[in-house]
Amino acid sequence: MASLIGLIIVTITAAAVVDCIYRRRYKESPNNLLHGSELNDVTVQIYGDSKTVNGNGLPVMTTQHTVVTQKPKYGYANVPACLKPLLCYNIMTNVRSVLSTRVEEEISFLHGFRVLSIWWIILGNTYFFGRNFFENSLSFFADIKTAKFQLILNSGYAVDGFLMVTGVLISYALLRELQKNNGKLNWLSVYFHRWWILTPVYMFVMLFYVYVLPHGIQSPFKLLIAQEGIPTDYCKSHWWTNMLYINNFIPFLKTRQCMNWTWLLALDMQFFLIAPLIIYVLYKNRIAGMAVIGALIVACVAATMSLIGYYGLPIHHWQDAVYNSTETGYDKNIDYINEKPYTRITPFVIGLALGYVFHIIPANKASNPNSRLMAAIGWTVSLVLAVPLLFGAHFAGWYVERPPQEMSVSSRIAYGGLQRLGWSLVIGWILFACQYGYGGPVRRFLASRFWRPLSSLTYGAYIVHMLTLQLHLASQIHMIYYSGLNMLCIFLAQLVLAYTVALLIAVLVEVPLLRLERLILRRAL
């Protein structure tokens with residue numbers, strides 16, 4: 001790990017030297033300027049300053065002046081081919097790329113939604129992992145029974161929202177690519193690009209998790225991370241399952257998974273394997289494509305219901321930590337439905353369908369004379385679905401610290417089988433409303449430029465947040481006093497720390513490798 005970090009430092013230093021030697025400032029005319037290799041926008045403004053009016057009061061001549069406003073332009077000149085890869089590691093260029101606030105106006109609201117989804121996931125994990133360190137556990141379990149705590153317990157819905165946004169983005173991008181290339185798709189390039197986006201950063205963080213993180217903790221709780229076999233040692237034997245994105249299946253016991261929060265990455269890659277195929281069918285035949293999506297949704301709901309009924313599973317994964325059996329004596333160390341693609345694909349394929357709608361119906365062509373009525377109906381139905389999904393179990397008295405058997409098997413089958421479909425419809429309406437003018441202040445909030453840099457750090461923040469959380473909690477000398485304010489402070493601190501580490505990883509690893517890919521495949525920096 002030290003050798004890898006040293007190599008990155010040496011590469012960055014070499015990149016800075018090459019940048020200083022070959023970077024040039026362009027001062028040519030605007031026509032020549034536009035051929036630079038690293039240019040900012042040229043703003044053209046037209047002013048009318050004089051007008052001649054005839055006897056009828058109509059203008060017969062207008063004099064206009066064109067003013068071209070331009071910022072200093074920089075680019076690279078005569079860089080040897082062997083040195084171009086080094087420029088991918090230019091720190092300032094990479095930082096500007098990550099922190100850019102430029103957004104694609106049509107779907108800019110997705111940035112805000114992605115960030116808020118990740119924040120919700122981090123909030124839930126802060127409580128779920130932190131519960132092992134509370135000195136006043138009775139206060140924590142008393143808080144679980146409150147209505148407000150349901151927002152913490154149901155943070156798993158954020159995963160469904162994140163998967164739906166991923167589906168929308170994949171569908172939207174691939175359909176534009178198909179349209180641009182007359183229905184042709186470079187399949188190898190599509191799959192390689194996805195693997196290249198995820199895997200190198202994944203490997204880097206895993207190495208840090210196994211060989212660096214345990215040495216940064218000196219406290220009685222160090223055993224939770226550094227003890228032989230728990231849990232970093234599992235990465236030494238099962239790392240290959242993570243690299244193949246099958247770690248939500250192998251190892252069979254979820255307690256032996258390497259970086260056991262990365263099952264979401266496995267789902268992401270597994271869903272992506274079939275996404276281009278579905279999109280291609282949608283592009284060629286709308287009815288056939290929608291039929292495939294519908295069949296997958298039905299199969300997902302049926303599989304979830306069948307597993308809950310057969311094993312008598314609880315409706316909430318938090319109950320696994322308290323109870324080891326239901327009517328059938330299921331094993332809490334085995335994941336049955338929470339991490340499996342055949343029970344989690346519903347929001348993703350709905351996202352694919354929604355991305356198709358966004359592609360074929362541009363936002364500026366979807367005006368509806370009854371827009372206020374449409375908005376009122378849509379938001380009302382969405383609220384009617386969301387409230388029972390978030391708070392229904394609480395108001396019905398089905399608390400997670402109670403035995404799962406207190407809810408009948410048939411009730412668990414119905415609730416567990418339909419909850420993700422219901423939540424997907426809620427999220428789908430929010431995205432649809434934001435795209436087609438029914439979102440109002442919701443769209444303005446989600447489409448703010450503030451979210452764009454945070455959105456670009458989403459992947460890094462997710463993959464490192466459990467590292468920073470473990471580092472903080474396992475470094476404590478004493479148990480933590482549980483209170484809402486204390487947990488809020490821990491959560492906000494984790495956000496700042498996770499995004500800081502994500503920024504470093506993006507600048508030093510993620511963005512350079514993406515620029516290197518572009519250099520190799522497109523011959524451009």
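Hydrogens, waters and symmetry mates are skipped; everything else that's a heavy atom, side chains included, is used.
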Going from [atom1] on [X] to [atom2] on [Y], what distance comes out if it is rounded to the nearest 0.5 angstrom?
| X | Y | atom1 | atom2 | value |
| --- | --- | --- | --- | --- |
| Leu253 | Tyr234 | CG | OH | 9.0 Å |
| Ser424 | Leu385 | OG | CG | 11.0 Å |
| Leu504 | Leu457 | CG | CG | 10.0 Å |
| Asn154 | Tyr157 | CG | OH | 5.0 Å |
| Leu390 | Gln419 | CG | CD | 10.5 Å |
| Lys148 | His394 | NZ | NE2 | 11.5 Å |

More than 12 foreign heavy atoms under 6.0 Å from CE of Met203: is that the case here? no
Does CH2 in Trp261 sit with more than 12 non-hydrogen atoms of other residues, nucleotides or ligands closer than 6.0 Å? yes
Exercise for review: Could you please spell out the steps behind the side-chain contact (heavy atoms from CB on, under 4.5 Å) verdict for Tyr438 and Trp429?
Suggested key: CA-CA 10 Å; Tyr438 308 117; Trp429 164 255; 4.0 Å; yes
Review point. Distance under 6.0 Å and angle within 45° of the ring axis: does Arg194 meet both against Phe272?
Key: yes
Taking the six-membered ring for Trp, are the ring centroids of [X] and [Y] within less than 6.0 Å of each other?
| X | Y | value |
| --- | --- | --- |
| Phe204 | Phe208 | no |
| Tyr311 | Tyr336 | yes |
| Tyr280 | Trp187 | yes |

Is a donor from one side chain sitting under 3.5 angstrom from an acceptor on the other, for [X] and [Y]?
| X | Y | result |
| --- | --- | --- |
| Ser189 | Asn186 | no |
| Arg515 | Asn90 | no |
| Glu517 | His193 | yes |

Expected output: side-chain [X] to main-chain [Y] donor-acceptor under 3.5 Å:
| X | Y | value |
| --- | --- | --- |
| Ser408 | Ser411 | yes |
| Tyr415 | Leu389 | yes |
| Tyr459 | Leu198 | yes |
| Thr380 | Ala376 | yes |
| Ser100 | Ser97 | no |
| Gln257 | Asn247 | yes |
| Trp120 | Leu151 | yes |
| Ser306 | Ala302 | yes |
| Ser171 | Leu352 | yes |
| Tyr191 | Leu273 | yes |

Donor-acceptor pairs under 3.5 Å, side chain of residues 340-350 to any protein atom, not counting sequence neighbours: which ones?
| from | atom 1 | to | atom 2 | distance (Å) |
| --- | --- | --- | --- | --- |
| Lys340 | NZ | Asn248 | O | 2.9 |
| Lys340 | NZ | Asp335 | O | 3.1 |
| Lys340 | NZ | Asp335 | OD2 | 3.1 |
| Thr343 | OG1 | Ile337 | O | 2.4 |
| Thr343 | OG1 | Lys340 | O | 3.1 |
| Arg344 | NH1 | Asn338 | O | 2.7 |
| Arg344 | NH1 | Asn338 | OD1 | 3.0 |
| Arg344 | NH2 | Asp160 | OD1 | 3.3 |

Minimum heavy-atom separation for [X] to [Y], with atom names?
| X | Y | answer |
| --- | --- | --- |
| Gly355 | Tyr172 | O-CD1, 4.1 Å |
| Arg452 | Val98 | NH1-O, 4.3 Å |
| Cys434 | Val442 | SG-CG1, 4.0 Å |
| Val464 | Ala498 | CG2-O, 3.6 Å |
| Ser155 | Gly124 | OG-CA, 3.3 Å |
| Cys258 | His238 | CB-O, 4.5 Å |

Would you please test Tyr436 and Phe358 for ring-ring contact (aromatic ring centres under 6.0 Å, His included) and show each step?
CA-CA 9 Å; Tyr436 294 116; Phe358 289 178; 5.8 Å; yes
ask   = After noting the C-alpha distance and the side-chain angles of Thr166 and Leu169, does the key distance pass the side-chain contact (heavy atoms from CB on, under 4.5 Å) rule?
value = CA-CA 5 Å; Thr166 301; Leu169 291 171; 6.0 Å; no
Note, [X] side chain near [Y] side chain (heavy atom, < 4.5 Å):
| X | Y | value |
| --- | --- | --- |
| Phe113 | Ile118 | no |
| Thr458 | His111 | no |
| Leu418 | Met305 | yes |
| Val387 | Leu383 | yes |
| His465 | Asn125 | yes |
| Leu185 | Asn181 | no |
| Leu244 | Phe249 | no |
| Val292 | Leu282 | no |

Residues 285-310 vs salt bridge (charged side-chain N to carboxylate O under 4.0 Å, His left out), sequence neighbours excluded, gives none
- Task: Apply side chain to side chain donor-acceptor pair (under 3.5 Å) to Ser455 and Trp451, showing your working.
- Result: CA-CA 6 Å; Ser455 178; Trp451 302 112; over 6 Å; no
Sequence neighbours excluded, the answer for ring pair (Phe, Tyr, Trp, His ring centres under 6.0 Å) partners of Phe149 is Tyr127, Phe140
Checking Trp195, Tyr202, Trp196 against Thr199 for side chain to side chain donor-acceptor pair (under 3.5 Å), the one that qualifies is Trp195
Please assess Ile246 against Trp240 for the test side-chain contact (heavy atoms from CB on, under 4.5 Å), listing each intermediate value before the final yes or no. CA-CA 9 Å; Ile246 57 173; Trp240 58 274; 4.0 Å; yes
I'd like to know whether Gln435 forms a side-chain contact (heavy atoms from CB on, under 4.5 Å) with Ile107, so could you lay out the CA-CA distance, the side-chain angles of the two residues, the decisive distance to 0.1 Å, and finally the verdict. CA-CA 7 Å; Gln435 175 72 352; Ile107 55 173; 4.0 Å; yes
